[in-house]
Amino acid sequence: MGERGFIVGSQLHTSLQQALLGWYYQHKRNLPWRGETEAYRILLSEVLLQQTRVEQAIPYYHRFLAVFPSLAALAQAELEAVLRVWQGAGYYARARHLHRLAQTVSELPSTYSALLELPGLGPYTAAAVASIAFGEPVAAVDGNVRRMLSRWMAWEAPSPKQLQAKADELLAPEAPGDWNQAMMELGATVCLPQTPRCERCPVAWFCRGKAEPGRYPTPKKRVQTPVEAVALVWVGPDGLYLERREGRLLGGLWGVPVEEGAGALERLLQRLGLERAERVGTVQHAFTHRKLRVQVYRVPGNGLGDAGNRPLSRLDRKILELAQADLLPCG
DNA sequence: AAGCCGGGGCC
DNA sequence: GGCCCAGGCTT
């Protein structure tokens with residue numbers, strides 16, 4: 001490409017950068033981690049924000065820092081204590097990875113490539129931390145940026161490599177952290193998935209896809225498989241019976257015994273050495289890929305049990321709430 | 001490349 | 001009920 005083409009392209013980007021950065025400085029939300037300089041806090045916010053809306057992440061950010069104010073404090077903690085703070089936030093591998101990270105390094109590395117090696121950090125989070133905490137000019141491509149770039153360029157199904165290249169090309173190198181946050185802020189508040197507010201967009205002139213925003217990118221289909229399960233609530237001589245869940249689903253958290261499929265109740269009773277149980281109701285709970293219907297049973301003669309301070313998932317809280325509400329006189 | 005992994009708010 | 005969120009890991 002000739003010099004003329006380079007200059008034209010460069011000026012185009014500068015106009016885009018000025019328009020978006022100007023909009024960002026005027027309209028950005030006041031979030032707890034904005035203005036923070038400590039890399040640990042930036043990292044925590046970015047991990048909490050993985051597949052999680054800002055409003056949902058904020059209380060966890062404060063709770064987490066109150067208990068684990070530094071990387072060193074996190075490293076000394078038990079995993080169960082970390083999960084206790086994380087309970088209810090979902091995607092618990094994030095908490096396990098963060099804990100392992102703290103035990104792996106005593107200080108956060110300052111480059112994208114080194115951050116990418118840490119557990120729980122992929123291309124997005126490594127780029128976000130590198131740019132926001134350390135000023136490295138690397139584009140953070142999240143769902144917002146993917147959607148906006150697809151609309152801007154009228155791309156229906158861009159590849160991750162294509163998106164990263166375009167994002168890096170557009171990035172404002174003198175303010176990479178602000179630029180990345182400006183991109184995501186626009187996506188989260190203006191360039192919305194369903195009903196984009198193009199009339200409020202500072203860079204609508206740059207957008208080739210604004211006539212058909214729903215077309216870029218092509219929506220992906222999700223399948224939720226219905227699953228039938230049975231849960232058993234038992235308050236035995238040692239209190240409420242809980243098991244520590246292993247595996248990937250809710251791994252590390254505690255919960256009441258659950259079995260899926262045919263003969264679930266019989267397997268539960270046999271496993272716990274119990275004679276019989278009575279049905280108290282149904283709990284429905286949706287995961288990303290499953291839609292769970294849980295028949296909740298309890299052992300007759302049950303007293304009230306509590307989970308102590310063990311970390312539980314929302315599913316188990318629902319089950320316990322149903323079983324124990326049923327034990328109360330007035331429901 | 002495709003599946004798996006939570007929970008919640010919005011339509 | 002579907003959609004999708006400041007994604008990453010595993011297979």
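So that the names make sense, note that chain A is the first sequence line, chain B the second, and so on, each numbered from 1.
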Sugar-phosphate, base or nothing in reach of [X], heavy atoms under 4.0 Å:
X	result
A:Lys291	sugar-phosphate
A:Ala140	nothing
A:Trp86	nothing
A:Leu292	nothing
A:Glu185	base

Exercise for the section: Find out if a path of hydrophobic residues (ILVMFWY) with successive side-chain heavy-atom gaps under 4.5 Å connects A:Val299 to A:Val280. Expected result: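 No.
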Exercise for the section: Kindly work out whether a path of hydrophobic side-chain contacts (I/L/V/M/F/W/Y, heavy atoms less than 4.5 Å apart) joins A:Trp205 to A:Tyr24. Expected result: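 They do share one cluster, since a chain of ILVMFWY contacts under 4.5 Å joins A:Trp205 to A:Tyr24.
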Exercise for the section: Would you state whether a donor and an acceptor, one from the side chain of A:Thr52 and one from the base of B:dG6, lie under 3.5 Å apart? Expected result: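 Pair found.
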Handout entry: Distance in Å, A:Ile58 CD1 paired with A:Gln56 CD, rounded so as to fall on 0.5 Å steps
Key =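 Here the interatomic distance stands at 11.0 Å.
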Practice task
If the plane angle is over 60° it's perpendicular, under 30° parallel, otherwise tilted; pick one for A:Phe206 and A:Trp152.
Solution key: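 Ring orientation of A:Phe206 relative to A:Trp152: perpendicular.
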Using the [atom1] atom in both, what is the distance from [N] to [M], to the nearest Å?
N	M	atom1	value
C:dA6	B:dC11	P	14 Å
C:dC3	B:dG3	P	16 Å
C:dT10	B:dG6	P	14 Å

Once you round it to whole Å, what is the distance between [atom2] of [N] and [atom1] of [X]?
X	N	atom1	atom2	answer
A:Lys220	B:dG3	NZ	C1'	12 Å
A:Arg290	B:dC4	CZ	P	8 Å
A:Gln224	C:dC4	CD	C1'	12 Å
A:Tyr92	C:dG7	OH	C1'	17 Å
A:Leu49	C:dG7	CG	P	8 Å

Can you check whether [Y]'s main-chain N or O pairs, donor with acceptor, with [X]'s side chain at less than 3.5 Å?
X	Y	result
A:Arg208	A:Ala154	no
A:Arg41	A:Tyr61	no
A:Arg151	A:Cys207	no

Distance alone, cut at 3.5 Å: any donor-acceptor contact between the side chains of [X] and [Y]?
X	Y	value
A:Ser313	A:Arg245	no
A:Ser131	A:Glu136	no
A:Glu80	A:Trp254	yes

Problem - Phosphate contact (C:dC4 OP1 or OP2) by A:Arg222 side-chain N/O below 4.0 Å - result: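 Checking A:Arg222 against C:dC4: at least one side-chain N or O falls below 4.0 Å of OP1 or OP2.
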Practice task
Check whether any side-chain nitrogen or oxygen of A:Tyr91 sits under 4.0 Å from OP1 or OP2 of B:dC4, and answer yes or no.
Solution key: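 So the side chain of A:Tyr91 is outside the cut-off, no N or O lying under 4.0 Å from OP1 or OP2 of B:dC4.
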Exercise for the section: Report yes if the side chains of A:Leu265 and A:Arg279 come closer than 4.5 Å at any heavy-atom pair, otherwise no. Expected result: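 Answer no - side chains too far apart.
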Practice task
Assert yes or no for the condition that the ring centre distance of A:His285 to A:Phe287 is strictly below 6.0 Å.
Solution key: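 Yes, they do, as the ring centres are separated by less than 6.0 Å.
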N/O to N/O distances under 3.5 Å, protein versus nucleotides 8-11 of chain B:
from	atom 1	to	atom 2	distance (Å)
B:dG8	OP1	A:Arg314	NE	2.4
B:dG8	OP1	A:Arg314	NH2	2.8
B:dG8	N2	A:Arg53	NE	3.4
B:dG8	N2	A:Arg53	NH2	2.7

Practice task
Specify the residue among A:His289 and A:Leu315 whose closest nucleotide of DNA chain B lies further upstream toward the 5′ end.
Solution key: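 Per heavy-atom nearest nucleotide, the more 5' residue is A:His289.
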Between the protein and nucleotides 8-11 of chain C, are there any N/O to N/O pairs under 3.5 Å, and if so, what are the atom names and distances?
from	atom 1	to	atom 2	distance (Å)
C:dG8	OP1	A:Gly122	N	2.8
C:dG8	OP1	A:Gly122	O	3.3
C:dG8	OP1	A:Thr125	N	2.9
C:dG8	OP1	A:Thr125	OG1	2.6
C:dG8	OP2	A:Tyr124	N	3.2
C:dG8	O5'	A:Gly122	N	3.4
C:dC9	OP1	A:Gly120	N	2.8

Problem - Nucleic acid contacts - residues 142-168 of chain A versus DNA chain C, non-hydrogen atoms under 4.0 Å - result: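 Going residue by residue through residues 142-168 of chain A, the ones with a heavy atom under 4.0 Å of DNA chain C turn out to be A:Asp142, A:Gly143, A:Asn144, A:Arg147.
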